[in-house]
Amino acid sequence: MAPTRRDVLSTSLAIPAILAFPSVALSKTRRQAAPGDDHRGPVAIASANGIPAVERAFAMMHEGADPADAAVAGVTIVENDPNDLSVGYGGLPNEEGVIQLDASVMHGPTHKSGAVACIEGIKNPAAVALLVLKRTDHCLIVGEGAKRFAMANGFKEEDLMTDRTRQIWMRWNANLNDRDDWLDEDQMDWDARDPMNRGRGPIGSNEAVNELERLAADHDVRWRNGVAYTTGTINCCTVDGSGDVASCTTTSGLSWKIPGRVGDSPITGAGMYCDNDVGAAGATGRGEAVILNCGGFSIVRAMERGLTPTEACLEVAGDIVRRTKEKRLRGEDGRVNFDVKLYAARKDGAYGGASIRPGGRFAVCDENGARIEACPSVYNA
Ligand code: ASP
């Protein structure tokens with residue numbers, strides 16, 4: 001059964017306190033589970049694949065950079081990493097084998113956001129989103145227009161597929177159905193995998209399953225009819241020494257998506273949001289669920305009502321679970337069969353996160369350096 005809001009939040013919550021942020025009475029257990037709620041001062045947090053991102057963002061803010069510039073510079077490192085299958089260069093493609101990227105950034109002091117969606121051939125969509133924010137009167141530019149905007153601003157068109165993502169996509173495509181003209185692994189008379197596969201197994205083989213299991217620590221993997229669908233993204237929220245905030249999210253989105261599908265990542269108020277009077281928030285995981293619950297916006301509003309960052313994330317994660325009505329999105333145990341991870345940083349430097357499934361983690365950097373911290377979940381282990 002879906003948990004009620006009361007199950008999710010067992011603590012009593014202080015209500016009004018827009019700027020004062022009195023510490024909310026936390027139970028001892030909750031306090032141990034969420035040390036970030038007691039943190040004060042500049043901080044950068046990110047999804048668990050974002051250790052290099054928070055390090056760079058925090059270092060830049062330390063040297064006086066704007067929090068939005070710092071967040072974008074941080075996530076750019078992950079976009080450039082060919083081994084991260086969820087973002088930028090080396091991200092997994094759509095069903096036609098084309099990588100379409102989504103990104104957004106919001107800047108607290110000006111309360112402006114910029115975003116691009118379904119952009120092809122451009123490695124660094126977060127930096128393009130920042131230019132939409134800085135140089136245009138628009139919030140979101142999509143598809144061909146976004147690519148032309150990027151190229152007009154000096155970005156180069158590149159092939160974003162790596163050997164690894166091409167192999168994974170080809171195997172996914174071949175294994176989709178055993179009646180089409182693409183041969184499945186067990187239909188081949190001889191090992192046609194090399195040299196295309198260079199020793200790697202296909203999606204669905206034990207080797208690929210192991211690879212997906214490793215990825216599942218930081219990415220959500222759902223199996224539909226034996227086919228793996230992965231999501232993964234980076235969000236980075238920043239708070240500088242003056243309490244100015246920003247949030248940035250960038251992704252290649254759901255693997256094998258229908259061409260043109262846009263997730264939550266480039267949607268202001270869903271995949272990220274900030275309000276300079278309150279704080280910043282972001283989301284990764286099943287984008288449709290985050291859009292349907294205005295994830296980023298709801299977290300910031302919950303902090304404005306007086307919830308700590310961790311409590312705000314848990315409340316919204318619980319709302320997502322409670323509002324998931326479709327049977328196909330629940331397992332036999334009644335639990336939702338997807339994950340969402342939420343992140344929040346308040347303007348005084350308190351930070352936290354929450355996930356639906358147990359085992360959620362996120363990256364943090366402050367004056368004590370970068371580290372991974374665990375976050376509470378809607379469902380217990
Ligand atoms: N939220 C992203 C999307 O739905 C994917 C993810 O974060 O894993 O496109």
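Every number for a ligand or one of its atoms is a count from 1 in the order of the listing. Below, all heavy atoms of this structure are taken into account, side chains as well, without hydrogens, waters or symmetry copies. This one's a predicted model, so the numbers in the text were calculated from it and none came from an experiment.
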Considering distance alone, does some N or O of Ala283 sit under 3.5 Å from an N or O of ligand 1?
no

Can you sort out which atoms of ligand 1 are near Gly253, meaning under 4.0 Å from one of its heavy atoms?
9 (O)

Does the Lys NZ or Arg CZ of Arg56 fall within the cation-pi geometry relative to Phe58 - under 6.0 Å from the ring centre and within 45° of the axis?
no

Pair Asp244, Ser242: side-chain N/O donor-acceptor within cut-off below 3.5 Å:
no

Output yes when the distance from some N or O of ligand 1 to some N or O of Asp102 is under 3.5 Å, and no in every other case.
no

In this structure, are over 12 heavy atoms from other groups packed under 6.0 Å from Arg148 atom CZ?
no

Closest to atom 1 (N) of ligand 1 (judged by heavy-atom distance), picking from Asp264, Thr233, Asp339
Asp264

Can you list the atoms of ligand 1 that are under 4.0 Å from a heavy atom of Thr284?
7 (O)

Taking only non-hydrogen atoms of Ser265 and a 4.0 Å limit, the atoms of ligand 1 in range are 1 (N), 2 (C)

For ligand 1 and Gly263, I'd like to know whether there is a polar contact (N/O to N/O, distance under 3.5 Å).
no

Can you tell which part of Val290 has a heavy atom less than 4.0 Å from ligand 1: side chain, backbone, both or neither?
neither

Consider only side-chain N and O atoms of Tyr351 and Thr310, and report whether a donor and an acceptor are under 3.5 Å apart.
no

Could you list which atoms of ligand 1 come closer than 4.0 Å to a heavy atom of Leu254?
9 (O)

Considering only heavy atoms, does Lys341 approach ligand 1 within less than 4.0 Å through its side chain, its backbone, both, or neither?
neither

Any donor-acceptor pair under 3.5 Å linking the side chain of Lys257 with the backbone of Ser252?
yes

Checking Asn276 against His111: is there a side-chain donor and acceptor pair closer than 3.5 Å?
no

Arg286 charged N/C atom sitting above Phe338 aromatic ring, 6.0 Å / 45°
yes

